[in-house]
Undergrad: 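Take this structure first; my questions come after.
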Amino acid sequence: MNRLKCTIAYDGTNFSGFQVQPNGRTVQGDIEKALFKLHKGEEIRIHPSGRTDAGVHAHGQVIHFDSPLSIPVDRYQMALNTLLPDDIVALTIENVNTDFHARYNVVKKEYRYFLLNQKERDVFRKNHSYYYPYAINLDRIIEATKYLLGTHDFTSFCSTKSDKENKVRTIEEIEIWKENNEIVFRFVGNGFLYNMVRIIVGTLLKVGQGKLEPEDIKVIIEEKNRKAAGKTAPAHGLHLWKVWY
């Protein structure tokens with residue numbers, strides 16, 4: 001058996017999430033269907049760096065799987081892409097050691113959140129950027145991010161549906177910039193809790209609107225209470241950008 005590491009991109013608009021579920025189309029389900037065809041009826045299970053919710057996109061999701069086929073990886077990639085739907089693409093495939101694991105070997109991840117901050121809706125970006133027509137102060141938001149950097153217990157920024165007992169994570173980098181009328185939030189960290197980035201963005205927007213002060217972020221972290229933070233920003237603005245090993 002050969003262990004393969006595959007970097008994939010997908011548009012999450014028409015998926016019910018990454019993980020296979022009884023009802024609904026999923027990224028995992030579609031990839032495993034393609035691998036089933038490629039392996040002439042043999043089931044191949046894939047393992048991702050992490051799951052994404054319905055509507056969330058990926059530019060650099062990583063999966064691994066074991067395959068009995070011994071063919072060059074470039075031909076393997078071409079064959080797989082022929083079988084995948086047009087909203088999933090295998091960007092790279094490489095051979096790795098059998099002890100490699102797409103989830104457990106992750107060192108850090110990068111997520112980006114896109115916010116369309118203009119008066120009119122954009123029908124061409126409606127599935128990939130959160131339409132937010134309200135005035136916001138970017139300087140206040142950037143000031144607030146310094147309280148999020150470093151290692152903290154992020155219970156306040158985690159969905160109550162999370163099954164993770166340890167909610168301590170480290171955010172290494174936060175960048176925020178504006179490109180025309182789109183605001184980009186960039187987060188790099190050693191791991192992210194369920195809905196963590198989306199809750200952080202929703203809370204930062206309250207700071208940008210003047211409903212919270214930048215230093216309130218420190219208090220929210222200390223409270224370790226989901227109710228202390230802002231609303232969860234919509235899924236379609238979130239993009240898994242890169243995974244490091």
Side-chain angles (χ1 to χ4, degrees), residues 49-53 56-62 103-117 129-130 132 134-179 182-245:
S49 71
R51 295 169 290 181
T52 52
D53 286 340
V56 176
H57 315 289
H59 297 245
Q61 171 71 284
V62 176
R103 178 182 175 188
Y104 300 130
N105 294 149
V106 172
V107 174
K108 58 184 178 181
K109 290 183 178 181
E110 176 181 338
Y111 280 93
R112 295 189 184 187
Y113 195 92
F114 292 82
L115 188 86
L116 186 61
N117 189 218
S129 188
Y130 173 31
Y132 195 82
Y134 311 106
I136 51 177
N137 186 317
L138 267 188
D139 290 336
R140 285 172 57 87
I141 290 177
I142 292 169
E143 172 69 16
T145 61
K146 70 181 184 182
Y147 298 101
L148 294 162
L149 289 168
T151 303
H152 306 283
D153 183 323
F154 282 100
T155 297
S156 294
F157 296 95
C158 176
S159 168
T160 55
K161 296 178 182 179
S162 173
D163 58 359
K164 299 289 185 183
E165 291 187 15
N166 181 8
K167 294 182 174 62
V168 176
R169 297 292 186 273
T170 301
I171 298 182
E172 299 177 11
E173 301 175 46
I174 302 177
E175 289 183 277
I176 300 172
W177 66 89
K178 193 166 186 177
E179 297 177 357
E182 195 163 56
I183 298 171
V184 184
F185 297 75
R186 175 180 178 266
F187 301 89
V188 177
N190 69 348
F192 294 89
L193 299 163
Y194 185 38
N195 284 353
M196 180 172 160
V197 173
R198 292 165 57 193
I199 295 170
I200 287 175
V201 171
T203 307
L204 290 175
L205 289 177
K206 291 187 70 174
V207 175
Q209 283 195 303
K211 296 178 180 179
L212 288 174
E213 294 302 315
E215 56 269 24
D216 288 339
I217 297 296
K218 184 175 184 294
V219 177
I220 293 171
I221 292 173
E222 292 171 347
E223 285 195 29
K224 300 177 185 178
N225 182 353
R226 172 65 188 92
K227 293 180 180 178
K231 293 182 179 179
T232 305
H236 65 271
L238 185 62
H239 300 243
L240 172 57
W241 206 260
K242 186 175 180 180
V243 184
W244 283 267
Y245 292 91

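A quick note: this is a predicted structure, and the numbers were derived from the prediction, not measured. Position 1 is the first residue of the sequence, and the numbers go up from there.
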Undergrad: Please table the atom pairs, donor to acceptor, closer than 3.5 Å between any side-chain atom in residues 200-211 and protein atoms at least two apart or in another chain.
TA:
from, atom 1, to, atom 2, distance (Å)
T203, OG1, I199, O, 2.8
T203, OG1, G230, N, 2.8
Q209, OE1, Y132, OH, 3.2
Q209, OE1, K211, NZ, 3.4

Undergrad: Could you list all the salt bridge (Lys or Arg N to Asp or Glu O under 4.0 Å) pairs where at least one residue sits in residues 135-150, not counting sequence neighbours?
TA: R140-E213, E143-K146

Undergrad: Taking side chain to side chain contact (heavy atoms under 4.5 Å, CB included) as the definition, give me every residue that meets it alongside R103, ordered by chain and number, with sequence neighbours left out.
TA: H101, K164

Undergrad: Could you give the distance from CZ (R186) to CD1 (I176), rounded to the nearest 0.5 Å?
TA: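 So the gap between those two atoms works out to 12.0 Å.
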
Undergrad: Quick test of your reading of the model: are K108 and E110 salt-bridged, counting only N-O distances below 4.0 Å?
TA: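 Salt bridge absent between K108 and E110.
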
Undergrad: Using residues 149-157 as the side-chain source, report each donor-acceptor pair under 3.5 Å to any protein atom, sequence neighbours left out, with the distance given to one decimal.
TA:
from, atom 1, to, atom 2, distance (Å)
T151, OG1, T170, OG1, 2.6
H152, NE2, Y147, O, 3.4
H152, NE2, L149, O, 2.8
D153, OD1, T155, N, 3.0
D153, OD1, T155, OG1, 2.5
S156, OG, I220, O, 2.6
S156, OG, K224, N, 3.1
S156, OG, N225, N, 2.7
S156, OG, N225, O, 3.2

Undergrad: Does one side chain, of E179 or W177, offer a donor that lies under 3.5 Å from an acceptor on the other?
TA: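 Checked: E179/W177 side chains pair up, N/O donor to acceptor below 3.5 Å.
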
Undergrad: Do you know which two heavy atoms are closest between S49 and V106, and how far apart they sit?
TA: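 For S49 versus V106, the nearest heavy atoms are CB-CG2, 4.1 Å.
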
Undergrad: How about NZ on K218, more than 12 heavy atoms from neighbouring residues, nucleotides or ligands closer than 6.0 Å, or not?
TA: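 Check fails, neighbour count at 12 or below.
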
Undergrad: Just grab all the side chain to side chain donor-acceptor pair (under 3.5 Å) pairs involving residues 236-245, residues at least two apart or on different chains.
TA: H59-H239

Undergrad: Which value, rounded to the nearest 0.5 Å, describes the distance between S159 atom OG and R198 atom CZ?
TA: 9.0 Å

Undergrad: For residues 183-233, which residue pairs pass the ring pair (Phe, Tyr, Trp, His ring centres under 6.0 Å) check, not counting sequence neighbours?
TA: Y111-F192

